[in-house]
Amino acid sequence: MVSVLSKTLCFGCEVQQVEHESAALGGLKAVFSVIVPPCLRSEGETITPLLYYLSGLTCTDQNFIQKAGACRAAAQHGVLIVAPDTSPRGAGVPGEDDAYDFGTGAGFYVNATAEAYRKHYRMYDYVTRELPQVVHEMFPVPAAAAAAAASSPKRPSSIFGHSMGGHGALVCALRNPGVYRSVSAFAPIAHPSACPWGQKAFQGYLGSVEAGRAEYDATELVRDAQRVRQCGWDTILIDQGAEDNFLHAGQLRPEDFVQAAESAGQSVTLRYQPGYDHSYFFIQTFVDAHIAFHAKRLHAQ
Ligand SMILES: N[C@@H](CCC(=O)N[C@@H](CS)C(=O)NCC(=O)O)C(=O)O
C-alpha cells in the first residue's frame, strides 16, 4: 500500500512524495519522490520511460527534488523520474546515526551481510527489485501501449546519480545487463574499494573491503568485457567538477573507472567541468544534459 504524502506542480510535472512499507528494508517505511511529466497523464500508445536518480551521502529523496531543478527537462523530454532515499530510516542499529558517511543517509546501495545491518540495510534490492515494482503498480503501462509494445510492456528504464548515488547507479546498471538502457553519473564514487568512503562502507556493511570489491565496485564490474557487451551502452556519461574537494581528496577516482572501462572496450564520456564543486549547484547546471542523454536512449525504438 502506497500513500501519497504530497503533490506539487512544477513546470507541468506533478511532484509527488510517496511512502510505503518496504519488504526489502525489513518492513520499515520507505519514502521516495517522483516527477510525473505531463505526457504520462495523457498516455496513449506511447510509453513514458522511467529514469531513476540515486542521491549521495546525507541526502533524502528531497535533495534532488528541491535542488536539482529537473522538472523542466523531465517535462520537455517526457521522462518519469524516481528519486529514492539513501538508506533505511529507523532501523535501530546502535551507532547508525553517529557518522554522516555510514548508517542512516549512507546505505551505499548494497545488501548488507554484517549481522547488525543485514535485516534493514538492503538498498541494492530496494532500488533494483522492490522500487521498480512499486512504481510499476503506481504507474501501470496503459493497456493500449502495452498491446502496441513489440516486446515487454514495461517502461524502459535508465539510471543516474550523484557521488554515493553515482556509485549506486553504475553498480545497479552494471550488475543488471539489459535492465537499464543507459547510465550516467555526477561525481561518482567510482572506485569505492580504493577510497576511504567506500572502504568504510564495505567493511561495515559487508565485513570486508574485499567483499565490496568483488560485488559492488563499479571499477571492478566494468573491467568485465562480457558484462559490458551485454549492457550494450554506446557510452557512459560522467560529469565531474574540476574543483570538487572530494575529487582532490581521492574519494571519487573517475580515472580508475575510465581505465578499467577502456580495457573492457566500454566507452566513457568523462567531462571535467572547470570551476565546479561537488554541490547541487553543479548538478543543477548539468542535469538537463543528463536527462537529455537518457531521454535520447529511452525514446529510441
Ligand atoms: N557533510 C559532508 C559532505 C556530504 C556531501 O557533500 N553530500 C553530498 C553528496 S556526497 C550531498 O549531496 N549533500 C546534500 C546537499 O548538498 O544537498 C561533509 O561535510 O564532508
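Indexing begins at 1, ligand by ligand and atom by atom, following the structure's order.
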Less than 4.0 Å between atom 19 (O) of ligand 1 and some protein heavy atom, yes or no?
no
Validation row, ring centre [X] to ring centre [Y] under 6.0 Å:
X	Y	value
F32	H20	yes
F102	Y205	yes
F293	F160	no

I need the nearest protein heavy-atom contact for atom 14 (C) of ligand 1: residue, atom name and distance, please.
N63 ND2, 3.3 Å
If you have a sec, work out which protein heavy atom is nearest atom 13 (N) of ligand 1 and how many Å separate them, to one decimal?
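Nearest neighbour among protein heavy atoms for atom 13 (N) of ligand 1, to 0.1 Å: T58 OG1, 3.5 Å.
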Does the side chain of T104 reach to within under 4.5 Å of the side chain of Y121, using non-hydrogen atoms?
yes
Has ligand 1 got any nitrogen or oxygen that is less than 3.5 angstrom from a nitrogen or oxygen of K67?
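Yes, K67 has an N/O under 3.5 Å of an N/O on ligand 1.
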Any N/O of L57 closer than 3.5 Å to an N/O of ligand 1?
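Yes, since at least one N or O of L57 sits under 3.5 Å from an N or O of ligand 1.
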What atoms of ligand 1 come closer than 4.0 angstrom to any heavy atom of [X]?
X	result
G56	9 (C)
H278	6 (O), 10 (S)
S163	10 (S)
C59	11 (C), 12 (O), 13 (N), 14 (C)

Under 4.0 Å from ligand 1, counting heavy atoms only, is it the side chain of M164, its backbone, both or neither?
neither
Mode of S279 contact toward ligand 1 - side chain, backbone, both, neither (heavy atoms, under 4.0 Å):
neither
Which residue from F281, F246, F282 reaches closest to atom 6 (O) of ligand 1 through any of its heavy atoms?
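Checking each option, the heavy atom nearest atom 6 (O) of ligand 1 is found in F246.
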R175 NZ/CZ over Y216 ring centroid, <6.0 Å and within 45° of normal:
yes
Under a 3.5 Å threshold, yes or no: a donor from one side chain and an acceptor from the other, between E137 and Q133?
yes
Side chains of S55 and N63 only: does a donor on one sit below 3.5 Å from an acceptor on the other?
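N63 and S55 do not have a side-chain donor-acceptor pair below 3.5 Å.
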Around atom CZ of F281, are there more than 12 heavy atoms of other residues, nucleotides or ligands at under 6.0 Å?
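No - once you tally the heavy atoms of other residues, nucleotides and ligands closer than 6.0 Å, there are 12 at most.
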